[in-house]
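Notes for the one structure printed next.
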Amino acid sequence: MSTANCLPQLVIGSLGGTVCMQVESAGEGVTPSLSGEALLASLPQLQGLARISAETLQLLPSASLTFIQLLEVLQWADTQVTQGAHGVVLTQGTDTLEEVAYFLDLLWPHDVPLVLTGAMRSADQAGADGPANLLAAVQVALAAESHGRGALVVINDQVHAALNVRKADSLALEAFTSSHLGPEGLLIEGRVCYLKAPRLRCTLPVPQRLDHRVALLEASLSADTVLLEEVAGLGYEGLVIAGFGAGHVSRDWARCLGQISLRLPVVIATRAGAGTTASRTYGFKGGEVDLQRRGARMAGFLCPRKCRVLLWVLIGCGMEGELERQLQVQGLAHSLNS
Ligand code: ASP
């Protein structure tokens with residue numbers, strides 16, 4: 001048997017993003033153009049590590065990815081594992097990396113690592129970080145210690161859990177953080193060094209319904225209730241609010257949310273960017289105690305965007321009744337009565 005046949009098998013699926021962007025016509029800005037195969041070819045260092053193949057699944061800026069496309073990606077990744085892959089790497093844009101990673105993490109049933117990466121600098125920019133991130137992602141995906149950790153985001157020599165990671169800077173190279181908990185691990189001299197034991201994972205079934213919609217609205221100073229009042233009538237089946245501070249809204253919004261939560265699940269997260277919602281601290285109208293009494297659920301540490309992903313998946317598999325428990329597990333959320 002040749003040495004190459006003894007190497008583990010790894011697949012790279014590319015979805016687009018800055019990591020594969022370059023200038024196609026002068027003065028027009030960068031656009032996704034490099035295929036997965038071209039990304040792989042640009043990194044000869046990868047060849048000795050595994051039998052690697054690459055496929056271009058999409059060539060999109062990550063803002064245009066959809067849940068339905070992600071379910072196709074999930075199925076593709078699942079097939080790769082069934083066919084013997086020891087690790088799966090996805091490259092994509094960083095703008096929605098945290099949401100995509102969390103979506104896939106909720107549904108990834110395997111111990112085999114699913115590693116997502118991207119880049120802050122485009123492929124033709126000086127100091128492009130894409131190749132280094134891709135190499136690190138492959139190293140993480142091939143490490144035995146990465147098994148059983150679900151979907152991981154590898155970027156800037158850090159490994160983040162899908163549940164905690166957040167893009168916290170629009171353009172900086174060190175754009176990703178896992179606030180409070182910190183990264184799961186670090187890349188040191190080409191090896192992953194985990195700082196934490198794997199979290200106990202509990203995945204959800206793949207959604208069967210795909211036509212439902214979940215709205216996400218952010219509370220803001222002196223906002224009217226016109227849009228809010230329309231949400232249920234427009235056919236949305238769930239609503240997430242990015243609330244002020246520890247999960248608060250104005251008294252007008254609170255009144256509206258009370259009406260809405262008679263018809264669909266309402267989750268209140270914090271728009272603060274870090275930290276948790278409260279459960280029993282504030283007693284004013286629009287505070288978390290009032291909102292829970294009106295039927296809303298508090299998100300805990302789960303950010304508004306990930307709450308929307310969770311609610312969409314739960315509704316899609318007919319498990320809305322699980323919402324409160326999932327928020328407790330995923331967001332470490334407390335409720336008034338817990
Ligand atoms: N700026 C983005 C990126 O980092 C664009 C995108 O998300 O596709 O890739």
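From a predicted model like this one, the values you see are computed outputs, not experimental measurements.
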For atom [atom1] of [X], decide whether the heavy atoms of other residues, nucleotides or ligands shown that lie under 6.0 angstrom number more than 12.
X	atom1	value
His212	NE2	yes
Ile188	CD1	yes
Arg263	CZ	no
Gln75	CD	no
Arg213	CZ	yes

Check whether any side-chain heavy atom of [X] sits under 4.5 Å from a side-chain heavy atom of [Y], and report yes or no.
X	Y	value
Val192	Leu186	no
Asn164	Glu98	no
Leu106	Leu310	yes
Val153	Thr117	no
Val115	Val88	no
Leu97	Phe176	yes
Thr18	Ser122	yes

Quick check against the 3.5 Å criterion: does [X] have a side-chain atom that pairs as donor or acceptor with the backbone of [Y]?
X	Y	value
Ser35	Ala38	yes
His86	Gln9	yes
Ser261	Leu257	yes
Glu229	Val226	no
Asp129	Arg121	yes
Gln292	Ser279	yes
Ser14	Gly16	no
Thr281	Ala278	no
Asp124	Val23	yes

Nearest non-hydrogen partners of [X] and [Y], listed with the distance:
X	Y	value
Pro198	Gly148	CB-O, 4.0 Å
Trp76	Ile12	CH2-C, 3.9 Å
Ala151	Ala101	CB-O, 3.6 Å
Leu228	Cys256	CD2-CB, 3.8 Å

So among Ile268, Val214, Leu217, Leu216, which one has a side-chain contact (heavy atoms from CB on, under 4.5 Å) with Leu239?
Leu217
Criterion salt bridge (Lys or Arg N to Asp or Glu O under 4.0 Å) on Arg166 and Glu99, from CA distance to verdict
CA-CA 9 Å; Arg166 188 167 84 87; Glu99 282 152 281; over 6 Å; no
What side chain to side chain donor-acceptor pair (under 3.5 Å) pairs are there with at least one residue in residues 173-187, not counting sequence neighbours?
His160-Ser178
Between Phe67 and Val313, is a side-chain contact (heavy atoms from CB on, under 4.5 Å) present by the stated rule, with each step listed?
CA-CA 9 Å; Phe67 290 154; Val313 171; over 6 Å; no
Let me confirm one number: the [atom1]-[atom2] distance from [X] to [Y], rounded to the nearest 0.5 Å.
X	Y	atom1	atom2	result
Leu163	Lys306	CG	NZ	6.0 Å
Gln158	Asn133	CD	CG	10.5 Å
Leu291	Arg293	CG	CZ	11.0 Å
Ser62	Gln92	OG	CD	5.5 Å
Arg255	Thr225	CZ	OG1	7.0 Å
Tyr194	Arg149	OH	CZ	5.0 Å

For [X], side-chain contact (heavy atoms from CB on, under 4.5 Å) partners two or more places apart:
X	value
Val73	Leu15, Leu57, Leu90
Gln47	Leu40
Lys285	Arg251, Asp290, Arg294

Side chains of residues 240-250: which donor-acceptor pairs under 3.5 Å do they make with residues two or more places apart or in other chains?
| unit_1 | atom_1 | unit_2 | atom_2 | d |
| --- | --- | --- | --- | --- |
| His248 | NE2 | Glu288 | OE1 | 2.7 |
| Ser250 | OG | Trp253 | N | 3.1 |

Verify the cluster assignment for [X] and [Y]: are they in a single hydrophobic cluster under the rule of side-chain heavy atoms below 4.5 Å apart?
X	Y	value
Val138	Val81	no
Met120	Leu39	no
Ile155	Leu46	no
Val206	Val112	yes
Trp108	Leu116	yes

Could you go step by step and tell me if Val267 and Leu327 meet the side-chain contact (heavy atoms from CB on, under 4.5 Å) rule?
CA-CA 9 Å; Val267 183; Leu327 290 171; 4.0 Å; yes
Steps toward side chain to side chain donor-acceptor pair (under 3.5 Å) verdict (Glu24, Ser33):
CA-CA 8 Å; Glu24 291 296 301; Ser33 55; 3.0 Å; yes
Taking it one step at a time, do Glu237 and Trp312 satisfy side chain to side chain donor-acceptor pair (under 3.5 Å)?
CA-CA 9 Å; Glu237 294 180 46; Trp312 190 87; over 6 Å; no
Assess Arg305 against Tyr102: is NZ or CZ under 6.0 Å from the centre of the six-membered ring, and within 45 degrees of the ring's axis?
no
Begin with the C-alpha distance, continue with both residues' side-chain angles, and end with the deciding distance and a verdict on side-chain contact (heavy atoms from CB on, under 4.5 Å) for Leu134 and Val19.
CA-CA 9 Å; Leu134 182 55; Val19 64; 5.8 Å; no
When you check the gap from the basic side-chain N to the acidic O, do Asp105 and Arg201 get nearer than 4.0 Å?
yes
N-O pairing of Asp169 and Lys167 below 4.0 Å:
no
Between Phe301 and Leu181, is the side-chain contact (heavy atoms from CB on, under 4.5 Å) condition met? List the steps.
CA-CA 11 Å; Phe301 282 95; Leu181 297 162; over 6 Å; no
Does Glu320 have any side-chain hydrogen bond (donor to acceptor under 3.5 Å, both in side chains) partners at least two apart in sequence or in another chain, and if so, which?
none
